[in-house]
Amino acid sequence: VLHIAELGVVLLLFIVGLELKPARLWDMRGEIFGLGASQVVVSGVLLAVVAWFLGYAFNAALIVGFGLALSSTAFALQLLEDAGDQNTSYGKRAFSILLFQDIAIAPLLVAVPILAAGSMEFSVENLKQAGIAVACLVGLLLAGRYALNPLFGMIARTGAREAMIAAALFIVITAALVMGYAGLSMAMGAFIAGVMLAESSYRHELEADIEPFRGILLGLFFIAVGLSVNLNIVLSNWWAILLLTPGLMLLKALVLYGLCRLFGSDHNQAVKVAAVLPQHGEFGFVLFSAAASTTLLDTEQSSFLIAVATLSMALTPLTVKLGEHLQQGAEHEEMDEDFEGAGTQVLMIGFSRLGQIASQTLLAGGCDVTILDHSADRIRNAGTFGFRIYYGDGTRKDVLRAAGIEKAKIIAVCTHKIETTNKIVELVRSEYPHAKIFARSYDREHALHLIGDDVDYQIRETFESALAMGGALLRGLGYTDEDADHVVADVRKRDLDRLAMQAEEGSILAGSEQLHTKPVPEPLIAPKREARAIDEQTQKALESQNEN
């Protein structure tokens, strides 16, 4: 059951890959090979020392230490997904560590027979296997780059949804089997396939098709992990397991915390990473079983280590709760999704500060609006003021469809997180290209990104309020309303003209994907002649006021 259920982890890594474009993955290379490698090496060495003190032979202690250093990709990613923290700073760091651990399993499996033999012999067979691994990896990258998009385009033109589902499953399983044949992680193969399709226009459809299979098989995986425990071993060594498991998890959590702080995380981020990754993972099962098939570990030692790893997984939700307690964070409350009565000309996603005021304007103008938000507290508070808000995640295609997006003429994206806004805009533009998108941008850089994504309208959340504040300051200095309004209008025009120019330059140079580079700030000052005229008018106004 566990062998089949491991497909759940494979599908999970494929969906994660769909969220990571190659450029973004390249940007994470420092954390993957810096923080991730440091975690595996430091944790592996310290846990190997503990195993050596507990009586394991030196070679066996190395495999035990590095096997326990690997966290559970399935558990950790599921926890991050449930909390909606995949795109947070700590979520990205946790994922970088998990990704390097998936890479590390391959050399660790190669090391098992070498350590069992007690010598490092490189035979022709070893070189052949290394060549196969490189060839499989290159072939998978080339197929993903040049073959997958045309294939899904051809299938999409048939209109057969079942064919699309079958093709998606075929691609995922084939990529996993290719990497497995190469001696690498099957989950890594699925992840690479996902990354290759991250920029495809079909990725949202693929994610929706794969999701049900991923949920069933991943749930089966968790059941199989529990079934893999040898209860006789647990009963005969219960005291050692109960003492050793929390101690090893604490050691691993301290290493994670220290390394995260060393790599620039603040206290809160480091605690969150340490709370979500202290368990020992499913790759340990594979490593310990491989070691048991040699002379490194006997069957009883392997079963004991698997019991420790399984108990650490069971304790993971408790460590996450402990991390939340240390953060003094409010619990994320879930509500039932009920879209009865939804479907108007305007669908607003996110009932933020900007969204609250904008929705009042719509209602005052006699326009109905469907509001979608993912915060239970915000929905409950808004209900006391008569707003009808629907609970749901606006980044999901099925939720948008249930909320009546097909009836809406305008999609107002008022979410406050940049990553969430970008994801919604990309989804709506891909699946509903005829809908108008009005979006709230965080800053100038984000505004340029949204312009590159062809939104119909965007506004920086503080732009107009800052202009209003500037006008009020001018009036406080003695400017007339007319002069103050003239200066504010001039600054607004200059800023919007410059924004349009920067967007045009960005699209000419490299397209919308390069608009993430921060724009060079320039002072928005009035011409000297105009400024001098305004100063003279201000001086006359002040002199007249003094005479009065």
Inset, instruction - Verify side-chain contact (heavy atoms from CB on, under 4.5 Å) between Val428 and Val413, making sure each step is shown before the conclusion. - result: CA-CA 10 Å; Val428 174; Val413 185; 5.7 Å; no
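- Of all non-hydrogen atoms in Val273 and Leu256, the two that sit nearest each other are O-CD1, 4.2 Å.
- For the pair Thr174 (side chain) and Ile171 (backbone), a donor-acceptor distance under 3.5 Å is absent.
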Inset, instruction - Go through the steps to decide whether Val172 and Leu11 satisfy the test side-chain contact (heavy atoms from CB on, under 4.5 Å), and finish with yes or no. - result: CA-CA 7 Å; Val172 174; Leu11 295 178; 3.5 Å; yes
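- Formation of a donor-acceptor pair under 3.5 Å by the Gln269 side chain with backbone atoms of Gly264 is not found in this model.
- With rounding to the nearest 0.5 Å, the separation of CG in Leu287 from CD1 in Ile63 is 5.0 Å.
- Minimum interatomic distance between Ser43 and Val255 (heavy atoms only, all atoms of both residues): OG-CG1, 3.3 Å.
- Annotation: ring pair (Phe, Tyr, Trp, His ring centres under 6.0 Å) contacts involving residues 58-80, sequence neighbours excluded, comprise Phe75-Phe222.
- Ser265 and Lys272 share no donor-acceptor pair across their side chains, judged by distance under 3.5 Å alone.
- With values rounded to the nearest 0.5 angstrom, Ile97 atom CD1 is found 9.0 Å from Phe263 atom CZ.
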Legend entry - Derivation of the side-chain contact (heavy atoms from CB on, under 4.5 Å) call for Val308 and Phe288: CA-CA 12 Å; Val308 170; Phe288 300 146; over 6 Å; no
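- Side-chain contact annotation: Thr421 with Thr415, donor-acceptor N/O pair under 3.5 Å present.
- By the 4.5 Å heavy-atom criterion applied to side chains, Tyr90 and Leu80 are counted as neighbours.
- Shown here for Met28 and Lys92, the closest heavy-atom pair between the two residues is CE-O, 3.9 Å.
- Annotation: the span from Arg396 atom CZ to Ile424 atom CD1 amounts to 12.5 Å, rounded to 0.5 Å.
- Contact between Ala61 and Trp52 at its shortest, heavy atoms only, is CB-N, 3.8 Å.
- Taking all atoms of both residues into account, the shortest heavy-atom contact from Leu35 to Arg93 is CD2-CD, 4.0 Å.
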Inset, instruction - Would you please test Met179 and Ile192 for side-chain contact (heavy atoms from CB on, under 4.5 Å) and show each step? - result: CA-CA 10 Å; Met179 294 301 279; Ile192 292 174; 4.1 Å; yes
Which side-chain N or O atoms in residues 233-241 pair as donor and acceptor under 3.5 Å with protein atoms at least two apart or in another chain?
residue, atom, partner, partner atom, Å
Ser236, OG, Asn232, O, 3.0
Ser236, OG, Ile233, O, 3.1
Asn237, ND2, Ile233, O, 3.0

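- At a threshold of 4.5 Å between non-hydrogen side-chain atoms, the residues Asp453 and His449 count as touching.
- A distance of 9.0 Å separates OG in Ser96 from CG in Leu98, rounded to the nearest 0.5 Å.
- Every residue was checked against the side-chain hydrogen bond (donor to acceptor under 3.5 Å, both in side chains) condition with Glu300, not counting sequence neighbours, and none meets it.
- Here the closest non-hydrogen pair linking Arg440 and His446 is O-CE1, 3.9 Å.
- For the atom pair CG (Leu259) and CG (Leu254), the distance works out to 11.0 Å, reported to the nearest 0.5 Å.
- Counting non-hydrogen atoms of neighbouring residues, nucleotides and ligands closer than 6.0 angstrom, the CG atom of Leu151 exceeds 12 such neighbours.
- In this view, Tyr257 and His267 satisfy the ring pair (Phe, Tyr, Trp, His ring centres under 6.0 Å) rule, not counting sequence neighbours.
- A heavy-atom distance below 4.5 Å is found between the side chains of Leu400 and Leu372.
- Of the possible donor and acceptor atoms, none in the side chain of His280 sits under 3.5 Å from a partner among the backbone N and O of Ala309.
- For the atom pair OG1 (Thr420) and CD1 (Ile349), the distance works out to 11.0 Å, reported to the nearest 0.5 Å.
- The closest donor-acceptor contact from the side chain of Arg429 to the backbone of Asp454 lies under 3.5 Å.
- If you run side-chain contact (heavy atoms from CB on, under 4.5 Å) between Leu46 and each of Val50, Val49, Val42, only Val42 comes through.
- Evaluation of the ring pair (Phe, Tyr, Trp, His ring centres under 6.0 Å) rule for Phe191 yields Phe95 as partners, not counting sequence neighbours.
- Side chains of Gln101 and Ser71 form a contact here, defined as non-hydrogen atoms less than 4.5 Å apart.
- Side chains of Leu450 and Asn422 form a contact here, defined as non-hydrogen atoms less than 4.5 Å apart.
- Annotation: side-chain hydrogen bond (donor to acceptor under 3.5 Å, both in side chains) contacts of Thr395 (sequence neighbours excluded): Asp393.
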